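Everything numeric in this text was worked out from a predicted model, so none of it was measured. Lettering of chains follows the sequences in order, A, B, ..., and the numbering in each one begins at 1. Note: hydrogens, waters and symmetry copies are ignored here, and every other heavy atom, side chains too, is used.
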2 protein chains.
Amino acid sequence: MRYLTSVRYIDAVARIGSIRGAAATLAITSTALNRRILAIEEELGVPIFERLPRGVRLNSAGELLIHYIRHQLSDLERVKSQIADLSGVRRGHVAIACSQALLPYFLPRQIAAYRSEHPQVTFGVHLRDRADAEVALVDHAADLAIVFEPVRLADVHTLLRAPQPVCAVVGERHRLADRAMLRLGECLSHPIALPTQHYGVRHLLEVAVQGTALRLEPAIESDSFEFLRHCVLAESMLTFQIPIGLPEDDDLGRARRIPLDPRDVPAGVLYMGQLKGRVLPVAAARFAGQLSSALASRYEVS
Amino acid sequence: MRYLTSVRYIDAVARIGSIRGAAATLAITSTALNRRILAIEEELGVPIFERLPRGVRLNSAGELLIHYIRHQLSDLERVKSQIADLSGVRRGHVAIACSQALLPYFLPRQIAAYRSEHPQVTFGVHLRDRADAEVALVDHAADLAIVFEPVRLADVHTLLRAPQPVCAVVGERHRLADRAMLRLGECLSHPIALPTQHYGVRHLLEVAVQGTALRLEPAIESDSFEFLRHCVLAESMLTFQIPIGLPEDDDLGRARRIPLDPRDVPAGVLYMGQLKGRVLPVAAARFAGQLSSALASRYEVS
DNA sequence: ATCTATGATGCAAAAAATGCAGCAGATCTC
DNA sequence: GAGATCTGCTGCATTTTTTGCATCATAGAT
């Protein structure tokens, strides 16, 4: 939509933080960009950027404006996809901000399933921690956020809550490999590999050992779930993860997953949310619907 | 905001129903306007107007787009007034669609009061019946609607309900002029002047006489409340009106207002509403607040 | 003190929007 | 049924706007 170039430019400058920098990524001259911004400020009667020696930054008027602009831009996308719907083709783009656990199995399959129905729809998947996922929603950089045990923020509207019991993951030759359920104490008497502090699984475990005689003494600590999973295969270790981050039972290969006794470690909750008050593009709304039923059928939903 | 000219043009064409007609009111050539529309349709990949022999009309894609456009335009007004607020001055415009009863006394005074605080704020007051007032909200032609006993529509969010007991209005020399309250039967034994069928007051009276032996036999019928008020002074008649359409007691001049017994005629309700889901411009929101407290103090609020 | 970023500006070239005159088509009027 | 009168649309010349180049002034980084 050509008539929105100016506001797109403003958005770019606000994100990048300098006119020349934004001009480069927008493939135009800094002159042209600078002049457009001056023109907008002229019409508005107020500057929207404060000029710093190293670039520009939105002032408070600019903050108000950029919210309007981003809303406007993403609403246009929605309207365009609604219009495309009228003519039969479902087009569109779905931007997702989510935590690491969704990346290896769950999302790729869900996206593949959706795209087999609607090949015209494109996807963007961005790894974000809980706080950043919510920021992405507010900035309209993401349509959907899927995070584990989030700090709840005022701007997010929860679409779905899916309980995720913490599971122990072991190699098939591990001494605990054939158990149906495990107490936390049993696990901690073996060498363990844990995700770092700010992950939800780790947080749940920390809370669980608090006030008990148990200690979390990880032999290996990593911020990569994938790395942790491979550790339990390479060495006879044990790690913890939530079901959605693991392949289905029939596809686990040489690994085994065993739920922890809920008396020891309460189930965490996986949240899917969108920006409060926003009307999602058709594609994003439908995809969210698909995820909801997928999660509802795999795990019980509250 | 210059960058929105194209969408403003589309809005005008949609409202007026022809390109040449819209071009005339916009003070540009039909050529320029026509080309802008063709350009937008080109970018969108879909026509938004269907060409009729007598002009143009939005097609379904256009309907989707025009909603977006009007939202966008009125949101911009809100953002601009928020920005103006930052620099101290309160500016803005409040557009009101309301029924006749509000016009003579209530709104002029409230607007005067508001403007004495914020002289930069301008007002538009448009007489609309209940249905049209709601259409005006949906079209973003009005920020606030104030109507009596409305048919409730899905797109309207009620900001305030103010009960309005129906009052009889008589000249000071009328035989009933000194009564504190009147039964409907007493009134109908005198010559009466009534508003026409589709007004709320008339509707309440019609409902009241149904199933009784009473009959509404107006000597005079008019769609002008002002005319009716003057009738009771010129001739010894009696008419009915709601308090908000009447001057305060100390300013009634040669007229008297006497509430009807609520056993005969239930109080009607005056509604103030806005478009559901819309964030009002600062000025409109503040003015709505002022009206709320004014109505709450004059009449009890439910 | 020098260097290297930044945003702003004068001027000429390029691009886009506008206006005029005129076309084709459909309805309305008589 | 023929003409009048609307409608939206298009080719071409003109005007307005936008862009790019070269350059300046400023302020932090080196």
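Taking atom CG on Leu26(B) and atom P on dA17(C), their separation rounds to 17 Å, with Å as the unit. Ile19(B) places its CD1 atom 14 Å from the P atom of dT18(C), with the value rounded to the nearest Å. In this structure, CD1 of Ile37(B) is placed 13 Å from P of dT7(D), rounded to the nearest angstrom. Rounding to whole angstrom units, CD of residue Glu50(A) and C1' of dT6(C) are separated by 15 Å. In this structure, the OH atom of Tyr3(A) is 18 Å from the C1' atom of dA17(C), given to the nearest Å.
Of the residues Arg70(A), His140(A), Gln72(A), the one that meets the side chain to side chain donor-acceptor pair (under 3.5 Å) test with Asp11(A) is Arg70(A).
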Would you mind building the protein contact string for nucleotides 17-30 of chain D? One character per nucleotide, 5' to 3', B for base within reach (heavy atoms under 4.0 Å), S for sugar-phosphate only, - for untouched. SSBBB-----SSS-
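Taking only side-chain nitrogens and oxygens, Asn34(B) never comes nearer than 4.0 Å to OP1 or OP2 of dG8(D).
One N or O on the side chain of Arg51(A) and one on the backbone of Phe49(A) form a donor-acceptor pair closer than 3.5 Å.
Atom CZ of Arg278(B) is surrounded by more than 12 heavy atoms from other residues, nucleotides or ligands within 6.0 Å. Within a 6.0 Å sphere centred on NE2 of His67(B), other residues, nucleotides and ligands contribute 12 heavy atoms or fewer. Other residues, nucleotides and ligands contribute at most 12 non-hydrogen atoms within 6.0 Å of the NE2 atom of His230(A).
Looking at heavy-atom distances under 4.0 Å, Leu52(A) makes no contact with the nucleic acid at all.
Counting only heavy atoms from C-beta outward, the side chains of Tyr271(B) and Phe148(B) never approach each other to under 4.5 Å.
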